[in-house]
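One structure below.
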Amino acid sequence: MERRQLEHCHTENQRWAVTLTNLEQEINQLLTLLEDVLDQYNHQNLRYRAIDYYRGLNRLKIWFNRLRTDVVCENAGCASSNLLPCEKPRFGRHTVIPSQFADLSDEFTRTKTGCYQFLSGLVQLNLL
């Protein structure tokens, strides 16, 4: 039983590490697109909206990174076959991720949706 719990714990840490990394990569892609907008256009309204989305995404990236750093066990000891039990302070924290992740994920979805609408509008206007 203990071995199964340990494997579950390791699997959950790995799953959350991948999930958070994928979100950060998606944020980085959006930030790159917004940087292009900021580099190309001086129109005040476009720049204001791009900067607003850029700041929001950057803030989310920091929060997702902090969540991974504070809660997910990613070091070499977590990936080895001689792992610490999940009850060890650093290793079992993944259980708090769902509650913290839900709010961040909702905010990311709202920000991402608005950002994509903004960028799509630029594409439709042949500005991007």
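We number each residue from 1, following the sequence as shown.
To the nearest 0.5 Å, the span separating CZ on Arg49 from CG on Leu122 amounts to 8.0 Å. Atom-to-atom distance recorded for Gln25:CD and Leu30:CG is 12.5 Å, nearest 0.5 angstrom. In this structure, CH2 on Trp63 lies 6.0 Å from CG on Leu60, to the nearest 0.5 angstrom. For the atom pair CD1 (Ile27) and CG (Asn22), the distance works out to 11.0 Å, reported to the nearest 0.5 Å. Between the OG1 atom in Thr19 and the CD atom in Gln14 there is a gap of 11.5 Å [rounded to 0.5 Å].
Checking each of Leu34, Asp52, Asn28 against Leu57 for a side-chain contact (heavy atoms from CB on, under 4.5 Å) leaves exactly one that passes, namely Leu34.
Under the salt bridge (Lys or Arg N to Asp or Glu O under 4.0 Å) criterion, Lys61 pairs with no residue, sequence neighbours left out. Checked against salt bridge (Lys or Arg N to Asp or Glu O under 4.0 Å), Arg55 has no partners two or more places apart in sequence or in another chain. The side chain to side chain contact (heavy atoms under 4.5 Å, CB included) test applied to Asp103 returns no partner, not counting sequence neighbours. Shown here are the side-chain hydrogen bond (donor to acceptor under 3.5 Å, both in side chains) partners of Tyr54, two or more places apart in sequence or in another chain: Glu35.
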**Request:** Please test Leu31 against Tyr53 for side-chain contact (heavy atoms from CB on, under 4.5 Å), starting from the C-alpha separation and ending with a verdict.
**Result:** CA-CA 8 Å; Leu31 290 172; Tyr53 286 121; over 6 Å; no
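When hydrophobic residues (I, L, V, M, F, W, Y) are linked wherever their side-chain heavy atoms come within less than 4.5 Å, the members clustered with Ile51 are Leu38.
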Which atom pairs, donor and acceptor, lie under 3.5 Å between side-chain atoms of residues 111-119 and protein residues at least two apart or in another chain?
unit_1: Thr111; atom_1: OG1; unit_2: Glu107; atom_2: O; d: 2.9
unit_1: Lys112; atom_1: NZ; unit_2: Glu26; atom_2: OE2; d: 3.2
unit_1: Thr113; atom_1: OG1; unit_2: Thr109; atom_2: O; d: 2.7

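By the 30° and 60° cut-offs, the orientation of the rings of Phe64 relative to Phe101 is tilted.
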